J.: 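Take a look at this one; I'll ask things after.
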Amino acid sequence: MRHTKVKDLLNSTTTLQEVNAKGWVRTFRNNQFIALNDGSTINNIQCVVDFENTPDETLKRITTGAAVSVIGTLIESKGAGQKYEIQVNKLEILGDSDAEKFPIQPKNKPSLDFLRENAHLRVRTNMFGAIMRVRSVLSFAVHNYFQQKGFVYVNTPIITGSDAEGAGEMFKVTALPFDNTPRTEDGKVNYKEDFFEKETNLTVSGQLEGETYAMALGQIYTFGPTFRAENSNTSRHLAEFWMIEPEVAFNNLDDNMDLAEDFIQYVIKYALDNCQDDLKFLEGRLLDEEKSKPQAERSEMALLEKLNFVLENNFKRVSYTEAIDILRDSTPNKKKKFQYIINEWGADLQSEHERYLVEKHFKCPVILFDYPANIKAFYMRLNDNTEPGRETVRAMDILFPGIGEIVGGSEREERYDVLIEKMKALEIDEEELSWYLDTRRFGSATHAGFGLGFERLVLFVTGMTNIRDVIPFPRTPGNAEF
Ligand code: 4AD
Ligand code: MG
């Protein structure tokens, strides 16, 4: 007999059938009621054991975490809380779980920190089951969105020689030995003797390679892991995270903003439509967590309301220059409550500023655009008609409540001469990026794209507050367990 998923059993339309369910015991009450979960849904199926006719030996082995198989009749449940339950006729323990040793005991209400240390087992809790199912559905929604629109999915390399963001936050990739490292005459590491015969690193972004494909296939997107060795030990940064990077030929910055907004609204709607039970559970979790916070720090909206709000309201589009004016005149700036006081145009925005704009001033998602050229990456298009000394680029960042920056993107500098000038000024090796410059040498055209940090999206949709809790095995400074 093949077993049936718990989700399908709970959605069944007929009763009194003999069914087989397999899963892990969540709880066992009164020597009679097993709450069985198999990961297909947040809901457990109640299995009622005929304890009078079950040997004590077996009953003792029904412990939290044990894997069991039950065969029985699916009947309407008399108890509140579930429509169906299984009247067990045959129970088999597939794998024992020592109650003294299994660390995830529901009674103890394990902390998020403790669960992080047990990342391989935390997925057996309701919370992490829900998060990881939502993550999976969101990832499907990403592909759905772009595939329906005719975008080509491109797999850009993980190992590369380029630093797309020019921020120098790269993990080196090498097969050279650490002792007796081959050196050149002037004492530098001789990468000519390395595996790739050049210096390589893990990619920080697939954008540059993605651009070359957009300039042939028209509309492309990437969706893959990216790596940053930035030492930011925050609740928003991972050293290994997943990024979605669409790139579209002939799009300008306005088209880029439209695409990003439409895309984000689509994937959130998709999750709302397809993860109702999980999102309801996560909404309850968030309310619970916020009970312990002072009123002022609690969110104004419950999770589902917040997600619907994003669907129903346009993102507010604000230029960097307008944002600086707002920030300069803001109460926290005047009262010196910001850690970094905004004095003049040109200042880089810190997350405290971004969050002020989104959470206090506009109270909705914000797209900031036209940033000062010198705080943004080399490939962004220089605006025409900017004052000397006040050059801006066609950049955009999307800021979300509770998250800060969720998207970074731009229209690209399509003019060969302007791009070369910029690279020279920043001492970026033209030789090394000669292939990239070819897109501007042969058939260059306006194009634009952006990067969405997938985990930041999952954070927003699940209402979790630490990015380490929305990726199965987080990599952060000092942590690469599992
Ligand atoms: O703003 P970023 O650095 O932009 C790029 O990499 C561009 N090449 C994208 C493009 O135009 N194709 O990163 C894009 C997004 C950020 O907005 C943020 O959501 C996420 O990636 N991100 C991180 N997420 C988690 N941990 C980190 N350390 C992240 N760094 C960036
Ligand atoms: Mg950015």
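Both counts, for ligands and for their atoms, begin at 1 and track the order of listing. The model shown is predicted, which means the values in this text are computed figures rather than measured ones.
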J.: Considering only protein heavy atoms, which is closest to atom 12 (N) of ligand 1, and at what distance to one decimal place?
T.: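 Checked against all protein heavy atoms, atom 12 (N) of ligand 1 sits closest to E245 OE2, 2.7 Å.
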J.: Verify the distance criterion only: is there a donor paired with an acceptor across the side chains of Y191 and E197 at less than 3.5 Å?
T.: no
J.: Measure from atom 28 (N) of ligand 1 to every heavy atom in E211, E240, E230 and give the option owning the shortest one.
T.: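 Checking each option, the heavy atom nearest atom 28 (N) of ligand 1 is found in E230.
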J.: May I ask you to establish whether K376 and Y371 are in a cation-pi arrangement, using a distance under 6.0 Å from NZ or CZ to the six-membered ring centre and at most 45° from the ring axis?
T.: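 Ring-cation test returns yes.
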J.: Identify whether NZ of Lys or CZ of Arg in R381 sits under 6.0 Å from the centre of the six-membered ring of Y379 and within 45° of that ring's axis.
T.: no
J.: Are the side chains of P246 and F146 in contact, using a 4.5 Å heavy-atom criterion?
T.: yes
J.: For N37, check side-chain contact (heavy atoms from CB on, under 4.5 Å) against everything at least two apart and list the hits.
T.: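 R26, N44.
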J.: Against ligand 1, does E455 come closer than 4.0 Å with any heavy atom?
T.: no
J.: Determine whether the side chain, the backbone, both or neither of R456 has a heavy atom under 4.0 Å from any heavy atom of ligand 1.
T.: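 The answer is the side chain.
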J.: Using a 6.0 Å cut-off, check whether atom OH of Y213 has over 12 heavy atoms from anything other than its own residue.
T.: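 No, OH of Y213 has 12 or fewer neighbouring heavy atoms, counting only those of other groups under 6.0 Å.
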J.: Closer than 4.0 angstrom: is that true for some heavy atom of Y379 and an atom of ligand 1?
T.: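 Right, Y379 reaches ligand 1.
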J.: Which residue holds the protein heavy atom closest to atom 19 (O) of ligand 1, what is that atom called, and what is the gap in Å?
T.: I406 O, 2.8 Å
J.: Apply side chain to side chain donor-acceptor pair (under 3.5 Å) to Q207 and E211, showing your working.
T.: CA-CA 6 Å; Q207 179 196 322; E211 278 185 56; 2.9 Å; yes
J.: What residue and atom, counting heavy atoms only, is the protein's closest point to atom 14 (C) of ligand 1, and at what distance?
T.: M243 SD, 3.4 Å
J.: Looking at F140, I want to see if its CZ is surrounded by more than 12 non-hydrogen atoms of other residues, nucleotides or ligands under 6.0 Å.
T.: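 For F140, atom CZ is not crowded (no more than 12 foreign heavy atoms under 6.0 Å).
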J.: When only distance counts, is S205 in polar contact with ligand 1, meaning an N/O pair under 3.5 Å?
T.: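 N/O-N/O distance under 3.5 Å: yes.
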J.: Which residue holds the protein heavy atom closest to atom 16 (C) of ligand 1, what is that atom called, and what is the gap in Å?
T.: E405 OE2, 3.3 Å
J.: How close does the nearest protein non-hydrogen atom get to atom 6 (O) of ligand 1, and which residue and atom is it?
T.: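 Ranking protein heavy atoms by distance from atom 6 (O) of ligand 1, first comes R228 NH2, 2.9 Å.
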J.: Could you check whether R415 pairs with E413 (Lys NZ or Arg NE/NH1/NH2 to Asp/Glu carboxylate O, under 4.0 Å)?
T.: yes
J.: Are S162 and T160 close enough, and set up right, to give a side chain to side chain donor-acceptor pair (under 3.5 Å), and what steps lead you there?
T.: CA-CA 6 Å; S162 70; T160 170; 3.3 Å; yes
J.: Identify the protein heavy atom lying closest to atom 15 (C) of ligand 1, giving its residue, its atom name and the separation to 0.1 Å.
T.: G451 O, 3.6 Å
J.: With a 4.0 Å cut-off on heavy atoms, is G409 touching ligand 1?
T.: yes
J.: With a 3.5 Å cut-off and no angle check, do the side chains of D262 and Y145 form a donor-acceptor pair?
T.: yes
J.: Under 4.0 Å, heavy atoms only, figure out whether ligand 1 is touched by the backbone of F241, its side chain, both or neither.
T.: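 Under 4.0 Å from ligand 1, F241 contributes side-chain atoms alone.
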J.: With backbone taken as N, CA, C and O and side chain as the heavy atoms from C-beta onward, which portion of V407 lies under 4.0 Å from ligand 1: side chain, backbone, both, or neither?
T.: backbone
J.: Around E427, counting heavy atoms of other residues, nucleotides and ligands shown, do more than 12 lie under 6.0 Å from its CD?
T.: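 Open: at most 12 neighbouring heavy atoms sit under 6.0 Å from CD of E427.
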J.: Numbering the atoms of ligand 1 from 1, which are under 4.0 Å from a heavy atom of G408?
T.: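 Result: 1 (O), 9 (C), 10 (C), 11 (O), 17 (O).
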J.: At what distance is the nearest protein heavy atom to atom 11 (O) of ligand 1, and which residue and atom is it?
T.: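 Minimum-distance protein heavy atom for atom 11 (O) of ligand 1 reads R412 NH2, 3.0 Å.
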J.: State the atoms of ligand 1, each with its element, that fall below the 4.0 Å cut-off from a heavy-atom position in G453.
T.: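 Answer for ligand 1: 15 (C), 19 (O), 20 (C), 21 (O).
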J.: Using the ring-ring contact (aromatic ring centres under 6.0 Å, His included) criterion, which residues pair with F400? Sequence neighbours excluded.
T.: F315, F460
J.: So does E344 have more than 12 non-hydrogen atoms from other groups sitting under 6.0 Å from CD?
T.: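 Open: at most 12 neighbouring heavy atoms sit under 6.0 Å from CD of E344.
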J.: One pair to check against side chain to side chain donor-acceptor pair (under 3.5 Å): W345 and T321. What are the steps and the verdict?
T.: CA-CA 7 Å; W345 193 94; T321 304; 3.0 Å; yes
J.: Please list, chain by chain and in numerical order, all residues satisfying salt bridge (Lys or Arg N to Asp or Glu O under 4.0 Å) with K101, sequence neighbours excluded.
T.: D98
J.: Using heavy atoms and a 4.0 Å limit, tell me yes or no: is M380 in contact with ligand 1?
T.: no
J.: N/O to N/O below 3.5 Å, does that happen between L238 and ligand 1?
T.: yes
J.: Around atom 4 (O) of ligand 1, find the nearest protein heavy atom and jot down its residue, atom name and distance.
T.: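 Result: E165 OE1, 3.9 Å.
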J.: Any heavy atom of R236 sitting closer than 4.0 Å to ligand 1?
T.: yes
J.: Please report the number of protein N, O or S atoms that lie less than 2.8 Å from the Mg ion (ligand 2).
T.: 1
